[in-house]
Structure formats: structure tokens, C-alpha cells
Amino acid sequence: MEWHDDALEGEEGGLAVDKAFTLIAEGPSALPVHQHKHKCSEAKSQFESIERDLTLEAFAPAFDGEPEAARLARAAAATACWAALAANIQGTLDGTDASVFQELLAFAQASHEAAQRRAAADAADVRAGCQQLPAGLVLAGGVNSADHCTTFPALAAFLRRHGCYVAVMQPASFGRVPGDAVGEVLRQVSGLARSRVEHLEGLAQWYHDETGGFMAAAEQQEQQAQQQEGDSESEDSEDEQGAAEDQAEGRRLRRRQAAGGAAAAAAAAAAAAKQATNRQKPLVVIVENTEAVDVQCLRDFVLAASEAHAELPLTLMLGLTTTASALSAMLPSDVMDRCLQPRQFKLASAMARLDSLVERVLLGGSGRWPGLLFSQPIISHLTDTFLNHYYSTGCIRQGLQVAALSHFEKEPLSALAAAALEGREALQQACAKLAPKVLSKARGRLGRDVAAAVWDAMLGWSRWAVGLQWLLAAAEAAGLHSQEFRPWKLIELALGQRFVSDELQSMLGRLQPRLRQLSAADVAALERQLEQRAAAVWCGQEAAADELASLAALAADQGGLEGNLQQGQQEAQQQQQREQQREQEERQLADASAAQAVPEAEAPAQQPKQKKKKKKKDVFHSKESRNAALLQRANEQAGAKGSGAGPAAAATKAAATPGAQLAGWLADALHSLLSTPPTKLPGGAVFTCRNTAALDCLSAEPRAALHLALTEPHSFLPGLPRGLGASSSQEDACLAYCLFDQDPSCTNLADWYQAFAAVHGGQDQGGQDASGSGGSSRKKAAVKGKGRGKGKASAAAGAAAGAVAGAGAGMSAQQAREVAARFSQAAAELQYVGLIKPAKRRRGDYMQRTAHMPAVEA
């Protein structure tokens, strides 16, 4: 096979391409416009008819006599509701890494500015050799790799929106030589799809063309030289000719050149401005799944980029699915130290993504009506699948989609869920348009006013979601981060019927003591957080209006008490100032009396001595202790006039009550909001998914499936009778597996075959016992033969021959050969699917299990 070389484009190449195709028959001529439209409309109507039939087949009648229009309405509602829920989920998951994206953008911009400053400082003396590349190590945080299939493309799009040159590299993009990676980077950042650059000099040349630099300075010098040559030529021509006509022509030429020069100057100014703008754009290379990149290619690329960093300010972002030490294990230590300047960035963990999905989608934190609700068994099943099998939010999304589809297939009233997305008026109009049979069924389940029942269920969900949001906010303010206060666990508990009487009481028992210890500022911040969370939930302010009103009254009372506290503190400070002034006056009097006593001491000794006045002893050791004592005395004096009569008593009472008041109010509010789960309301039947059996297809269990298929084949083949057990009518592989699974002695190949042959009529139970003892003697003979040098293979052959001879005692030779062949084929099939394998560390012929079934199956 010869490849067509693009470089040899000419007649020979064209002929080679033409000869590769042979015209068999000409196609039909083009149809006129009106015939083409008619044909397209026929094809479209035929396609719509086929689609309608398939939809009706998928959405079977939910009850006898359900009209086809109602079934089609359920199909349309399933599409609309899942589209709304999927958009909410995707937006939430994309937002989990938004803060990390901002940090990476700031890192790229800061690294680019630092490179520009170094280039300006070293313009006269350009550095040579390796320089440290800024490298952001983007750690996946143990998240399933399936969750990050769009993370790095989304990061690239984010960086491009904020003015960066970005290239996303896969492990296969590095090829076998560094030039492959360089060419891929240039093709992505420049858009030159046919570029074959294989050196960093070409990439640096493109970067300088885009941003200006050495090439721009050379072009500017060349333009100045051309302009000087034009001016000298025009002066020489004027001096030589000197005629009037030539002077006029020269003037016209100069005006034309001046106009052209102005246009060129404007174009040059625009190009310079564009280059100045491009000069501020960082150049970023993102590498996905760095652990899978060839080590040699990665090392060569890092070395080449490090040497060219002075001319090409490159910033690396390396995606790591394990830990940062994986990069150190890939690259030598001297390359890590000389060529890279790493900084770690950690993406959201799998549990953080799960909590965000539950809090913002299922609990209404995004401000949207979710469109669908899910029962407690479904939520429990999905979280178990997440924790035990996949550890990926992708399985949560897939499970919600399967549960939603099953709900619309079975629930006759599910068509109203699409109207609920658009509001109350649309819901009323949809209820008015229901078919008579569907409407009568809805009224029998929900009451006379169907729209009001559904709307009440939606508001009930809003109240319930506000209550859980408040519980999460209070736990966060109190510093409780245990499992029961995580969103994914809280929603599972709150959907239970006895949540308010059991789990909520236990949670409040842990939460309230910590809330009582909060300061007044923390209490005020928590109250604002509760109001914001209620406003974030769809119709949360309307559904929890009473609780919000009581919260506002509580905040106002606490504000008044805080004012009284400030007034009491001011009065205490004034009392303290008065005490200090009185002490100062006493000290002044004491100094004056001491000064008067000095001349009296110099009097004659015969005069009687006057007693010296003792100085007042200061019992306080510091200024703070004196102030505290004065404040305590002021409070005691104010409290002596009557409890609550003075502002100091009110201030003392208020200082201890804001947290306690909020804790008491929160307990009452949560009991009111969480008393009834929305899935238990009558109107919740329209949008509540309850079919847990539909989720069995999510968690594949091949061992259990194989065990069930071999022990109960009628589960997969409905035409087979039930309860065959160990009978001759059973399929050979199923019979052999049942015997091997039920009888521990069948691990011996000879005993296993004896039991298989006994089922087919070759022996009875007594013969089987005899064969067991015979097998023992045969094993001894095999061991003895092995000692004589016959080996394990000869021993196995002798054991098998003895087993066949013993099993064929009650049947003809042809039947014995047939049973032996069927047993051999059944054992080979079981070994092929991986259930058994020959044992290598036991003497004789034994079989060993490779997959142990769960105890529940046994």
C-alpha cells in the first residue's frame, strides 16, 4: 500500500487520486424545489409516525382505558422534567470547581507578570540555561476519573474566556519526540491546523509575532530606513530637474506619500495596540492525566520549555489523579529542582461534590424547583452505590435518571409534573385539560381540587427544604461536621417518617448547647444566614413566612436588649470615672496634709508629736482589677433596686440569652417545618419517584448473576421449568456447578465426576460412597507412582481413568464415554468463565474456587 504524499502535488498526484475511484453509474438528477419539499415532508411525517409508535410502546397504559394522548403527555413530561433536573445537576457540578479555576487563573496571570518583569530587567543580558517554569499541580482529590472527563476542557474554556492562550494536552499528544508536543501546542493556541513545527523556536517565533518583541523592533527599523530613502530620492529629483511641472508632480507625490504614511501609521498603531493586548495574555499548557504520559517525553518537553522560558513565558498545569508525589516519581530530582516551580491546587473531593449536589439540587439551594422528588429507599440505594461501588457522582445522576423514567412509565398523574415547572397558572390549565378518565382518577386520589393539592405538596417541599437548610446552617455555625450533619446523610434521615421524634431530637441535643455559647455577633450572623437560606429556596419565603416573621421579631428583641446592654455599659463606665475622680481628690488631700506636716516635724522636740495620718491602702493590684470591681459594684447597686429595674440588670440578662433564645426558637421552627416529608403528601404522587427496583441495573454484580444463572436458569430462560436441582434434565454446566457448589468433597476431580455420573444413572448413593473410598486408595497409588518417577501428569491420568472405570460400572461403555465427555465439557466451561481453576499446591487432581459467592446467596 502506497501513501499519497501531499508534497508531490501535481498531475501525477491528481491522476493517482482520480484513478482510485471508478464511476459505476450516475446518480439521479436533482429534483425541482417543490418536489424536494414534498419528498422531505413525506419523510418527516413518516419519521414522526415511527417515533410516535415507539413512544407509545415505551409508555404502556398505566391503567385500563388510558388514552394515547395521556401516554404521549407522560413521555413529553419525562423529557421536560429530566432536562430541567439535568441542567441543574450539571450547573451545580460545574460550580464545585469554580473557586479552583479562579485560583488557577490568578496563578497564570501572576506567573506571566513575573516573567515580563524578569524579561524587562534582563533585556540587555538575556539569560541562558534552564529556568524554573511555574507549574500548577491540579490534584483530583481521589475523585473517580469519570467525573473529570470534562473538568480540564472546562478549565481551558474558562482560561480562554479570560484572555489566555491555552493548549490541552492528552497523554497521546506527546508522541515519541518533544517536537510532537510542541507542534500540538502551536496548533491549538494559533489555530494553524496544518502547522508542522517541531521545535520551540517556531512556537517562540509565533508568540513574538502575536505579542511584539525582537521582530517588531526589526520591522520598525526597516520601515524607518525605507522612509529615509524615499525622502532622499524626492530631494535629489527636485534639485536635478528644477522645472515647474516636476515640482508640481513632486508636490502631488509627497501629498500622496503623506496620506499613505498616515494610513500606514494608523495601521501600525492598531497592530501595536493589538500586540500590547496580546502581550498581557498568559500562555498556558494543560496536561491531563499526567501519570499516563511517557516519562521520557515529559522530561524532554520540560527541559526544552525551561531553556526557552526567557523568550517563551510558558505556564504548566499538570492534572494528577493521585498525589503530588507521583510527579516526583516520574521526573528526576534535578529536573524538579532546576526546571519546575510547583504549586498545588486541589479540586473538590468526591464527597464535596456529592454534598453540593444534594444541597443545591435536591434541597433547593440553587433557587430552582427540582421538578422531581425521590423517596428514601431510592436516596439510600444511590448513596450506597456511590460509597460502595463507584465513588462517582455520575452514578447518582444515572440513578436519578433511571428512577425518573420509571416514574413516568408507571404513574398516570406524572404528566402534571411538567406543568408544575412553569408555575401555578400552568398547573391549573394542565389540570383543566386532563382527559376525563385521568381527571376522575386524579380526583379520587388527590381530592376535588387537583391543582391545589399538587401546589400544596410543592409548598410542603419548600417548607421541608428550608428546615433542612436551616439545620445545615446551624450545624455549620456550631462547628458540627459529623456524618449525620452532612447533606447526603441528612436528606436520607429526614425522609423517614419518625425523623422528627427520633433523629431530630438527637441532633438538637448536640446542637443546642453549642448554640447557647455563641456570642451576640455570631448569633446575628447566623440569623442573617438563615434568612438568606430561606430566600435561596424556591418559594421558601412564602412557605416559611410564619417562621421568618418570628425570627425577625426575635432579632428585633435581641437588638433592643443589645441597646440596653450598651446603655448599661456606658453607665458603668461613667460610675467608674466618678470613682476614679474621687480617688484622685483623696490623693490630692493626702499630699496637701503631708506637705503641711513637714514644718511641724521641725518644731522643738518638747512639743508633743502629732499622729501621722495613715495612707489609704490600694487593695487592687492593677487598673483592670479596679475597673472590674467598680463595674461589679455598679451592677450590684442597680440590682438592689429591684430585678429588671435598672439597665445593668437587663444588660446582664441579655448578655447570657441571645444564643439560648435562638436555640429555643430554632428547635420549635424545625419541628414545625420538618413534621411531614413532602413525599408523604397526597399531591407528591405527581412528582415523587418510588420504584427502587428499577435501580438494580446500576450496580452490576457478575458473580451473583453467574451464580443465579447456573443454580436457577429459569430466571434467565423463562421456558425452563422451576426446581430442577441436581437432575439429569439439567444442563450439564448447571448440573456440574450445583454439585461442585453443594458438596465439599467435589473439589476432588474424581469425586466430582462420580457424583455427576451418578445423577445420570451410572451409580447410586452407595456407589458414590464406595467411589469416595476408592478415590482415596487411588490417591495413594498416585502418590506412590509419583515416587517412582511417573509424575503428577501420570497420576492425574490414572486417577481419571480409575474414576471413569468406577463410574461406568452401571452403564455401557458408550454411555460412560458420553458422560465423561459431557463432564469434561461442563468443567471446561466453568473454568472458561472463571469460576474454578485447577489447584496447584495439592497432590492429586483437585479443583479450586476463584469466586466465592455471597453468604446471602448460599
Between atom CD1 of I379 and atom CG of L493, what is the distance when rounded to the nearest 0.5 Å?
12.0 Å

Can you confirm whether L155 sits close enough to V100 that some side-chain heavy atom of one is under 4.5 Å from a side-chain heavy atom of the other?
no

Interatomic spacing from OG1 in T322 to CG in L139 - rounded to 0.5 Å:
8.0 Å

Hey, what do you get for CD (E542) to CG (L548), rounding to the nearest 0.5 Å?
11.5 Å

L530 and A473: which non-hydrogen atoms are nearest, and at how many Å?
CD2-CB, 4.0 Å

May I ask you to decide if A75's main-chain N or O and T79's side chain share a donor-acceptor pair within less than 3.5 Å?
yes

Can you name the nearest heavy-atom pair linking T688 to T679, along with the distance?
CG2-CG2, 3.7 Å

Hey, does R510 have a side-chain heavy atom less than 4.5 Å from the side chain of S482?
yes

Note, L472 side chain near P487 side chain (heavy atom, < 4.5 Å)
yes

Taking the side chain as C-beta and beyond, is there a heavy-atom pair between R397 and Q90 under 4.5 Å?
yes

Looking just at side-chain N and O atoms, do H671 and Q505 make a donor-acceptor pair shorter than 3.5 Å?
yes

Any idea how W538 and W461 line up, ring-wise: parallel (<30°), tilted (30 to 60°), or perpendicular (>60°)?
tilted

Between F386 and Y391, is the ring-ring contact (aromatic ring centres under 6.0 Å, His included) condition met? List the steps.
CA-CA 5 Å; F386 175 89; Y391 210 63; 5.2 Å; yes

So F101 and F158, would you call those rings parallel, tilted or perpendicular, with 30° and 60° as cut-offs?
tilted

I would like to know whether L490 and F499 meet side chain to side chain contact (heavy atoms under 4.5 Å, CB included); could you show each step before the answer?
CA-CA 10 Å; L490 183 59; F499 171 71; 4.2 Å; yes

Taking every non-hydrogen atom, the tightest pair across L347 and A140:
CD1-CA, 4.3 Å

Step by step, work out the salt bridge (charged side-chain N to carboxylate O under 4.0 Å, His left out) result for K346 and E103.
CA-CA 10 Å; K346 189 173 182 179; E103 294 177 2; over 6 Å; no

Steps toward side chain to side chain contact (heavy atoms under 4.5 Å, CB included) verdict (W470, L673):
CA-CA 10 Å; W470 284 358; L673 295 173; 3.7 Å; yes

For L459 and C539, the nearest pair of non-hydrogen atoms, with its separation, is CD2-CB, 4.1 Å

Please confirm whether the backbone N or O of I396 pairs with a side-chain atom of T393, one donor and one acceptor, at under 3.5 Å?
no

Flag yes if more than 12 heavy atoms outside E425 fall under 6.0 Å of its CD atom; otherwise flag no.
no

Distance-only, no hydrogens or angles: does the Q376 side chain make a donor-acceptor pair with backbone N or O of E492 under 3.5 Å?
yes

Say you draw a straight line from SG of C395 to CG of D384; how long is it, rounded to the nearest 0.5 Å?
10.5 Å

CG-CD distance between L382 and Q398, expressed to the nearest 0.5 angstrom:
10.0 Å

Between A477 and L518 the two heavy atoms that sit nearest each other are O-CD2, 4.2 Å

Do L515 and L666 have side chains that get closer than 4.5 Å, going by heavy atoms?
yes

Would you mind checking if D97 and R353 are paired as a salt bridge, meaning a charged N to carboxylate O distance below 4.0 Å?
yes

Residue pair R463 / S672, side-chain donor-acceptor N/O under 3.5 Å
yes

Does the S366 side chain pair with the main chain of R360, one donor and one acceptor, at a distance under 3.5 Å?
yes

Going by heavy atoms in the side chains, are W82 and L405 under 4.5 Å from each other?
no

Are any non-hydrogen side-chain atoms of R424 and M458 less than 4.5 angstrom apart?
no

T96 side chain to L93 main-chain N or O, any donor-acceptor pair under 3.5 Å?
yes

Quick check: closest heavy atoms across A451 and L427, and the distance to 0.1 Å?
O-CD2, 3.7 Å

Check whether W464 reaches the backbone of L674 with its side chain - one donor and one acceptor, N or O, closer than 3.5 Å.
no

Side chain proximity check, E547 to L551, heavy atoms < 4.5 angstrom
no

Salt bridge present between R74 and E66 (N-O < 4.0 angstrom):
yes

Distance-only, no hydrogens or angles: does the Q469 side chain make a donor-acceptor pair with backbone N or O of E359 under 3.5 Å?
yes

Within the supplied structure, the quantity of interest is the number of heavy atoms (other residues, nucleotides, ligands) at a distance under 6.0 Å from E476 CD; does it exceed 12?
no

Aromatic rings H707 and Y737: how do their planes relate, parallel, tilted or perpendicular, breaks at 30° and 60°?
perpendicular

Could you walk me through whether T385 and L695 pass side chain to side chain contact (heavy atoms under 4.5 Å, CB included), step by step?
CA-CA 10 Å; T385 303; L695 303 179; over 6 Å; no

Can you confirm if the NZ or CZ of K437 lies within 45° of the ring axis of F63 and under 6.0 Å from the centre of its six-membered ring?
no

Under a 3.5 Å distance rule, please check whether H407 uses its side chain to pair with a backbone N or O of V686 as donor and acceptor.
yes

Between E411 and R445, does any side-chain N to carboxylate O distance fall below 4.0 Å?
yes

Run the side chain to side chain contact (heavy atoms under 4.5 Å, CB included) test on R690 and K410 for me, step by step, so that the C-alpha distance in whole Å, both residues' side-chain angles and the decisive distance to 0.1 Å come before the verdict.
CA-CA 10 Å; R690 306 179 187 275; K410 305 295 183 182; over 6 Å; no

Point-to-point distance, once rounded to the nearest 0.5 Å, from CD of E527 to CG of D522:
11.0 Å

Taking the side chain from S406 and the backbone from V402, do they hold a donor-acceptor pair closer than 3.5 Å?
no

